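Everything on this sheet refers to the single structure shown next.
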Protein chains: 2
Amino acid sequence: MREFKRRSRVLLIDDNADHLRGVKELITLESSYEVVGTTTSANIGINLAKKYRPDIILMDINMPEKDGLQAIQEIEKLDMGIRVIALSGYDDADLIFRAMKIGAKGYVLKTMASAQLIYAMDEVAAGKIYLPTALTSRFFEYFQNSFKEEAKSSSEENLLTYLTAREEEVLDLLTQGNNYKGIAGKLFISETTVKTHVNNIFQKLQVNDRTQAVLYALNNGFANRRLSKIAV
Amino acid sequence: MREFKRRSRVLLIDDNADHLRGVKELITLESSYEVVGTTTSANIGINLAKKYRPDIILMDINMPEKDGLQAIQEIEKLDMGIRVIALSGYDDADLIFRAMKIGAKGYVLKTMASAQLIYAMDEVAAGKIYLPTALTSRFFEYFQNSFKEEAKSSSEENLLTYLTAREEEVLDLLTQGNNYKGIAGKLFISETTVKTHVNNIFQKLQVNDRTQAVLYALNNGFANRRLSKIAV
DNA sequence: CAATATATCAATCTAAAGATGTAAGACAAA
DNA sequence: TTTGTCTTACATCTTTAGATTGATATATTG
């Protein structure tokens, strides 16, 4: 398979010159990859990416000077279809999560066997997203944890359930920034009726004003635009 | 390894009786697992889970009557440490995402080889979270997509950047549901000063009232409580 | 049928929010 | 030094929001 395809062009970014050399030699041995550039600086790497338009970038994300994650983000913003694989010394769940969140197509530990890196590159070159099994497990633990709080707060007595259908409509319009007049116009009812509904909503949600009502709605899984708490 | 451990107790929930039988036979052949119950009903399954406290539940999530995802959620809420593996006929990214989000420890396609299911059970029984590689790739595509919009909207001109430090403080307190008096008290400044800040914030964010300001802040990555757009 | 919940509307009043203009002191940059 | 920005503050005025009470019509349900 791989033999028939054009060789994938690879750019290496790693502040550790020794490791950089090692990876370069490793990849050069592979017939399906071609190293088009190497650099120990994230900033230079971004410029090389613009210049050479590689298919894949192997990016060390544990660089003391510039943050590798930030570099990935900048490369993703270029929107040039460059696929970045994060290289890291740590199997830290938070790091893995953040790397995948900003668009890394893979995450490989430096301590992993070189065959693992080549496999990841093969998968990513084929358009897939690849994470080693062990890291996937880590990722999901972190991922599920970030939803646990939310699950709890939504399993607590959710005051939103006490709202009538009409009140939900009104609240929905409130969460879009409408005032009384706007809501009345959209629901084809009088402004005073809207006031009645809004006051009933305040009572049921135990809040004092519309801002608090909107915040309650958004933080407790109100249907329209459900937002999940995932810190960056 | 596995031989020395106590057999893991498994509960099977699948509305398809034939498939249920097949999986049961398959698992019964494995020395490390013991089927403690089977049912074609999600509701009965939840009750069996409470009663028998299995280590693992294999849950079909493509049931017409009751939603398997909802059943998983209810089991997770029990917080009994029961590990649920989702069984599905579809490798739909949204389904996979939702299953993992609500706490499934694995997701296996019914069309996959039985060895794959056993492997998933081994991993999950060992405390890990397991997704077949192909499904992991699917999951991440969906996952990264859900953050793309956010990345764009935050790379677009973000009006929040025009706020001064003090204005950010005021906006922060606004996003917590404070009124003028509350903000003035917390910042040790007069209420009229708060009004000035708030009015300036409105001008800069191009909104008409505090609710719209709060919504703008929350939807554009305001630091305090960053919310990400991931629909359930 | 009677009781209850919901949706509609109005009047009235107070409090809060918002718009606008002005201005003084602090501080940093040109 | 001057210029500009930021923070503070006040006065004034208009509008909106919110609380309260009461009333009617319509389903729904026991």
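Given the structure is predicted, the values throughout are model-derived calculations rather than measurements. Proteins come first, then strands; the chains are lettered A, B, ... in the order of their sequence lines, and each starts at number 1.
Closest-nucleotide positions on DNA chain D for B:Asn200 and B:Asp209 were compared, and the one nearer the 5' end corresponds to B:Asn200.
Taking the six-membered ring where the residue is Trp, B:Phe139 and B:Phe97 present parallel rings, their angle staying beneath 30° rather than reaching 60°.
Taking side-chain N and O atoms only, A:Thr196 has no distance below 4.0 Å to OP1 or OP2 of C:dA7. Between B:His197 and the phosphate of D:dT8, there is a side-chain N or O to OP1/OP2 separation shorter than 4.0 Å. For D:dG18, the OP1/OP2 oxygens have no side-chain nitrogen or oxygen of A:Asn199 closer than 4.0 Å. Between C:dA5 and A:Thr164, no contact under 4.0 Å exists linking OP1 or OP2 to a side-chain N or O. Residue B:Tyr180 has a polar side-chain atom (N or O) positioned under 4.0 Å from OP1 or OP2 of C:dG18.
Salt bridge status for B:Arg138 with B:Asp91: present, with a side-chain N to carboxylate O gap under 4.0 Å. The pair A:Lys110-A:Asp14 meets the salt-bridge criterion, with a side-chain N (NZ, NE, NH1 or NH2) lying under 4.0 Å from an Asp/Glu carboxylate O. The pair A:Arg166-A:Glu169 counts as a salt bridge, with a side-chain nitrogen and a carboxylate oxygen less than 4.0 angstrom apart.
Taking atom CD on B:Glu168 and atom P on D:dT7, their separation rounds to 10 Å, with Å as the unit.
At a threshold of 4.0 angstrom between heavy atoms, the contacts of A:Lys181 with the nucleic acid are absent. Using a 4.0 Å heavy-atom criterion, one finds that B:Thr193 contacts the bases of the nucleic acid, with or without backbone contacts as well.
For B:Thr192, the listed nucleotide lying nearest its side chain is D:dC10; candidates were D:dC10, C:dA17, C:dA10. Minimum atom distance to the side chain of B:Arg166 is reached by D:dT7, of the listed D:dG18, D:dT7, C:dA17. Across D:dG18, D:dT8, C:dA17, the shortest atom-to-atom separation from the side chain of B:Asn179 is found for C:dA17.
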